[in-house]
2 protein chains.
Amino acid sequence: MFSIGQLSKQTGVKVPTIRYYEQVGLLVSAGRTEGNQRRYDKEGLERLGFIRHARDLGFSIEAITALIDLQQHPDRSCQEATEIAQHQLTDVREKLLRLKALETELVRIADGCDGEGSSEECYVLASLADHEHCRGEH
Amino acid sequence: MFSIGQLSKQTGVKVPTIRYYEQVGLLVSAGRTEGNQRRYDKEGLERLGFIRHARDLGFSIEAITALIDLQQHPDRSCQEATEIAQHQLTDVREKLLRLKALETELVRIADGCDGEGSSEECYVLASLADHEHCRGEH
DNA sequence: TCTTGAAGCTCTAGTGACTAGAGGTTGTAG
DNA sequence: CTACAACCTCTAGTCACTAGAGCTTCAAGA
Ligand SMILES: [Zn+2]
Ligand SMILES: [Zn+2]
Ligand SMILES: [Zn+2]
Ligand SMILES: [Zn+2]
């Protein structure tokens with residue numbers, strides 16, 4: 001049995017975050033001591049590892065809840081799991097596209113001024129004031 | 001003079017968002033009617049355009065506040081403006097790197113299962129359970 | 001057995017940048 | 001003059017935590 005602190009150390013998830021996961025129904029402790037402290041077993045440790053890894057990959061709490069739910073029913077089809085993963089991939093790709101567009105514009109904007117003039121004639125400020133300066137959409 | 005709704009239409013910023021910008025000190029109306037409704041002048045319209053564009057480029061409210069502050073003092077050096085832009089660019093690039101790593105792993109994960117098996121033997125779930133499956137860091 | 005202090009507990013509130021809704025008031029076109 | 005769209009303020013909700021107050025428990029050393 002592990003205390004919440006030991007769980008935290010082993011997974012790299014902060015203690016208040018673990019309590020938060022319990023609050024939203026993602027991870028319940030195996031039980032409590034007489035003094036009301038949480039105790040976890042190996043299963044809890046593994047589940048927190050799963051949560052941690054999925055969060056690191058950007059999955060939402062809601063998605064992770066669904067995935068764990070699926071994991072608890074080994075005989076169910078995993079179709080939903082692939083759908084969730086596909087959705088997450090789509091999401092990441094959309095963000096990538098957006099950020100690439102931003103990067104292009106920001107390079108132009110940031111490199112357009114050496115910061116040695118007055119703010120009146122600053123290319124950074126002028127670029128922000130008018131999207132017409134931009135090369136593309138974003 | 002424009003009403004808040006007209007300002008909203010011209011800039012594409014929603015009415016409650018404009019009120020929110022006022023609340024955080026970004027955009028104050030030129031005045032109020034007898035009946036307490038906001039009225040904006042051309043300057044307000046331009047400033048909201050600036051805010052909108054900067055937000056679209058991912059700048060934080062705090063950064064935009066500093067940029068507008070600078071804009072109000074045409075004789076000041078624009079060094080801070082370039083610093084803010086550079087910082088934003090760095091930020092975007094960090095996010096890009098992270099998302100690219102995520103994309104790589106998610107492609108592998110999502111393509112690793114056709115969703116037709118049982119959740120027990122699902123590659124998606126197995127990959128989430130163990131970072132060892134991952135090709136790189138993320 | 002006692003003491004001490006790290007670690008645990010609950011509860012509330014704050015973060016960023018909005019968004020939604022309730023419940024009431026004003027502006028304006030017909 | 002009457003409708004009603006648009007406006008007003010205020011509170012609360014979103015997401016995934018994070019911080020802090022004020023208290024209790026656990027475990028190791030004396
Ligand atoms: Zn400049
Ligand atoms: Zn632009
Ligand atoms: Zn599968
Ligand atoms: Zn991984």
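Below, read A as the first sequence line, B as the second, and so on, with proteins coming before strands; counting in each chain starts at 1.
Within the 4.0 Å cut-off from OP1 or OP2 of dG27(C), at least one side-chain nitrogen or oxygen of Thr33(B) is found. For Arg32(B), a side-chain nitrogen or oxygen approaches OP1 or OP2 of dT9(D) to under 4.0 Å. Proximity of Arg19(A) to the phosphate of dG8(C): no side-chain N or O atom is located under 4.0 Å from OP1 or OP2. Look at Ser3(A) and you'll find a side-chain N or O under 4.0 angstrom from OP1 or OP2 of dG8(C).
Atom CE in Met1(A) sits about 15 Å away from atom C1' in dC26(D), given to the nearest Å. Distance, Gln6(B) CD to dA6(D) P: 11 Å, rounded to whole Å. Residue Phe2(B) contributes atom CZ, which lies 14 Å from atom P of dT28(C) at whole-angstrom precision. As rounded to whole Å, 19 Å separates atom P of dG13(D) from atom CD1 of Ile61(A). Spacing between atom CD of Glu34(A) and atom P of dG8(C) amounts to 18 Å, rounded to whole angstrom units. One atom, CD1 of Ile4(A), and another, C1' of dA6(C), lie 15 Å apart when rounded to the nearest Å. Atom NZ of Lys95(A) is separated from atom P of dC15(D) by 13 Å (rounded to the nearest Å). The interatomic distance linking Asp56(B) (CG) with dA17(C) (P) rounds to 14 Å, in whole Å.
Using a 4.0 Å heavy-atom distance criterion, Tyr21(A) is classed as a sugar-phosphate-only contact.
For Lys14(B) and Arg38(A), each mapped to the nucleotide of DNA chain C holding its nearest heavy atom, the one lying further toward the 5' end belongs to Arg38(A). Summary of the strand contacts: Arg55(A) and Tyr40(B) both lie near DNA chain D, and taking for each the nucleotide with the nearest heavy atom, the more 5' one is attributed to Tyr40(B). If you find the closest nucleotide of DNA chain C to Gly35(A) and to Phe59(B), the one lying nearer the 5' end belongs to Gly35(A).
A salt bridge links Arg108(B) and Glu105(B); the closest N-O separation between the charged side-chain nitrogens and carboxylate oxygens is under 4.0 Å.
Of the candidates dC7(D), dA17(C), dT10(C), the closest approach to any side-chain atom of Asn36(A) belongs to dT10(C). Checked against dC18(C), dT26(C), dC17(D), the side chain of Thr17(B) finds its nearest nucleotide in dC18(C). In the set dT9(D), dT18(D), dA17(C), dA17(C) carries the atom at the smallest distance from any side-chain atom of Tyr20(B). For Gln37(A), taking side-chain heavy atoms from C-beta onward, the closest of the listed nucleotides dA17(C), dC26(D), dG27(C) is dC26(D).
Within a 6.0 Å radius of CD in Glu43(A), other residues, nucleotides and ligands contribute 12 heavy atoms or fewer.
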Candidate pair Arg32(A) and Glu22(A), rule salt bridge (charged side-chain N to carboxylate O under 4.0 Å, His left out), full reasoning = CA-CA 13 Å; Arg32(A) 299 271 183 138; Glu22(A) 178 175 312; 3.3 Å; yes
Could you walk me through whether Glu94(B) and Arg98(B) pass the salt bridge (charged side-chain N to carboxylate O under 4.0 Å, His left out) test, one step at a time? CA-CA 6 Å; Glu94(B) 274 167 19; Arg98(B) 165 133 199 273; over 6 Å; no
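His131(A) and His138(A) have perpendicular rings, their planes meeting at more than 60° on a 0 to 90° scale where under 30° would count as parallel.
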